[in-house]
Number of protein chains: 2
Amino acid sequence: MKPQETSLLGYAMLGILQQQPLSGYGLRKIFAATPLMAFSDSPGAIYPALERLQQRGLIRGRIQKGSGLRRRRVFKLTPQGLVHLRRWLEKPVTREDVVRGADGLLLRFSFMDGGLGRAHSARFLQALEKELAAYIPGLREFLKSPPGEMPLSGRLALESGVEGYEALLHWARRGRAVYRKELRGDAL
Amino acid sequence: MKPQETSLLGYAMLGILQQQPLSGYGLRKIFAATPLMAFSDSPGAIYPALERLQQRGLIRGRIQKGSGLRRRRVFKLTPQGLVHLRRWLEKPVTREDVVRGADGLLLRFSFMDGGLGRAHSARFLQALEKELAAYIPGLREFLKSPPGEMPLSGRLALESGVEGYEALLHWARRGRAVYRKELRGDAL
DNA sequence: AGGTTCATGTAACCCGTTACATGATTTC
DNA sequence: GAAATCATGTAACGGGTTACATGAACCT
C-alpha cells in the first residue's frame, strides 16, 4: 500500500501553483481556458483536491481580503510541496508510463522547465525517445499478426494508436533538437 | 439526471461480446493482451461491470460446465444490448467528443464495421475529419498567443497535443480512402 | 503432493462527476 | 434592483484500483 498517491489533477495543480500562486477559482479558469489539458474545471473536483493537498502539507492557502475584494483563498506551494512536485518530475520514464498513454508524460514535461530546468527537460525527451523507440516495434508487430482476424475498422483503430506513438516520437526528437539549440546559447 | 450511462469499459465489453460470446476471464485476457486499449484486466473492474450490464438487461450469461471444464459464465449480448451498442455507435461526432480526446472515438470506430457496417464507418471518418478540421485551427491559434508567457516545455507539450490531433486527421483521411476502395469492390 | 493456470468473486478506498447551495460584488 | 460574474463549498453517486479470498483443474 503506497503511503499517499497524488492524482494527475493534483500534480497539475501543484505544477501550476509553482508557477504562480492562485485561488481555486483561478485554477478553474486556467483549466477551463486551456484546451489539450483535459482537466475539469468543476468545483467538485478542484476544491476537494485543494483540501487534500493542503492536508498533506503540500500547499498552503491564505485568505486574501484586501481592498474590497471578495474573500478568496490564494494557495501556494510549501517547501514540501515543491519537493513532492520535483520528485514526480524527476521520475524516470518507464515503459509503463508509455503504455498508459501520453497524458501523464506530457503533463510532467510541461512543468519540467519551471521545476527542474531545461537541461533536465532535454534529458527527459531523450529518455522518452528511447522508450518509444523500444516500444513501437512491438506494436507494429502486433498489428501485423493480430490474434484472430479483426474487422477493418478495428485494425485501423489500432493503427491510429500506433501512429499516435510515432507522432510522439517525432515530436520528442524535434523537441530535443530545440533544446540543443537553446542550451548551446544559454549559460551552462 | 440521465437514466443510466454506460462507461467506456462497459461499451468495450459490449463491443467485444458482440463479436464473440466470452467469459469474464476471456475478456480479461483480451484486455491484457491488447495494447493500445488501456482497459484494466483486473477482476475488480470487469466482474462488477458485467454484473451491471446484466442487471440492465444488455447481456446475459449462462453457466457452461460441459465436459469437465471449470465452471464459467459465458456472456452474450441480448437484443437490447445490441440496440444499446448500436445507439452508441450511431451517435454523431461532436466537438465535445473531439475535445475529450481520441480514446472514446477510436473505441467506437473499432466496433463500427461489426456493429453497423463499413458504409457507416466511412461516414464516421468523414464526420470526424470535419470536426477535426474545424477544431485544429483554434488550437493553433491558441498556441500562437498563449495567455501569459509559458516555459518552453509547456509550449512544446501543447504542441504535442495539437500534433496528435493533426495525426488523427491524417489517419482519418487515409482511412476513408481505404474504405472508398473497399466499398467500390463490395456489394453495395 | 504442490505449484501454476483457470476462473470468479468481494470489500475498502479514492476520487471525479453532477448537481445543488450560498453569498458577495460588479454591471446594466 | 435584477442579472451576471466572482468565489467557495457540499452531498450523492458511480465506478475504477488494489488487495484479498476461494476453489477447481491441470501439470510434474
Side-chain angles (χ1 to χ4, degrees), chain A residues 1-14 21-33 37-56 59 61-75 96 99-101 103-104 107, chain B residues 1-14 21-33 37-56 58-59 61-75 96 99-101 103-104:
Chain A
M1 191 178 293
K2 291 118 188 181
Q4 287 275 38
E5 296 262 343
T6 304
S7 68
L8 271 194
L9 174 63
Y11 281 120
M13 296 195 302
L14 288 178
L22 277 175
S23 65
Y25 192 75
L27 286 168
R28 286 185 62 197
K29 274 191 299 185
I30 288 183
F31 287 142
M37 278 214 301
F39 294 107
S40 89
D41 62 328
S42 80
I46 281 157
Y47 291 107
L50 283 170
E51 208 46 57
R52 284 193 299 271
L53 291 176
Q54 178 157 283
Q55 225 80 61
R56 291 173 52 197
I59 60 176
R62 46 189 62 169
I63 285 96
Q64 205 184 55
K65 50 156 71 165
S67 68
L69 288 167
R70 319 153 193 76
R71 75 142 173 6
R72 37 182 227 143
R73 301 169 66 196
V74 175
F75 293 88
E96 228 192 305
V99 172
R100 296 221 200 234
D103 286 6
L107 185 67
Chain B
M1 193 178 294
K2 291 120 188 183
Q4 286 277 39
E5 297 261 340
T6 303
S7 69
L8 271 195
L9 174 63
Y11 281 121
M13 297 196 302
L14 288 178
L22 277 175
S23 65
Y25 192 73
L27 286 168
R28 285 184 64 196
K29 275 192 298 187
I30 288 183
F31 287 143
M37 278 213 301
F39 293 108
S40 88
D41 61 329
S42 80
I46 280 158
Y47 291 106
L50 283 170
E51 208 45 57
R52 285 193 298 271
L53 292 176
Q54 178 156 300
Q55 224 80 58
R56 290 172 53 193
L58 304 178
I59 61 177
R62 44 190 63 168
I63 284 98
Q64 206 184 53
K65 50 157 71 164
S67 68
L69 287 168
R70 319 151 192 77
R71 89 182 176 314
R72 36 185 228 141
R73 300 171 67 195
V74 175
F75 292 89
E96 226 192 306
V99 172
R100 295 219 200 237
D103 286 6

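Numbers restart at 1 for each chain; the letters A, B, ... are given by sequence-line order, proteins then strands.
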### Task
Please list residues of residues 22-30 of chain A whose heavy atoms come under 4.0 Å from any atom in DNA chain D, ordered by number; otherwise none.
A:Ser23, A:Gly24, A:Tyr25, A:Arg28
### Task
Using the closest heavy atom to pick a nucleotide of DNA chain C for each, name whichever of A:Ser40 or B:Tyr47 lands nearer the 5' end.
B:Tyr47
## Note on the structure
When rounded to the nearest 0.5 Å, the distance separating OG of B:Ser42 from OH of B:Tyr47 is 10.5 Å
### Query
Do you know the tightest heavy-atom contact between B:Leu27 and B:Met13?
CD1-SD, 4.0 Å
### Summary
Result for 5'-nearest mapping on DNA chain C, choosing between B:Phe75 and A:Ala38, is B:Phe75
### Query
What nucleic acid atoms does B:Ser7 come within less than 4.0 Å of, heavy atoms only: base, sugar-phosphate, or nothing?
sugar-phosphate
### Length of the CD-P vector between B:Glu5 and C:dA19, whole Å
10 Å
## Note on the structure
Testing C:dG16, D:dT18, D:dT8 for proximity to the side chain of A:Arg72, the answer is D:dT8
## Note on the structure
Among the nucleotides C:dG9, D:dG16, D:dT8, whichever has the atom closest to the side chain of B:Pro43 is C:dG9
### Task
Side chain of A:Arg52 only, please: which of C:dC15, D:dG9, C:dG9 is the nearest?
C:dC15
### Minimum-distance nucleotide to B:Arg71 side chain [options: C:dT8, D:dG16, C:dT18]
C:dT8
### Query
What is the distance, rounded to the nearest whole Å, between atom CG of B:Leu53 and atom P of D:dG16?
10 Å
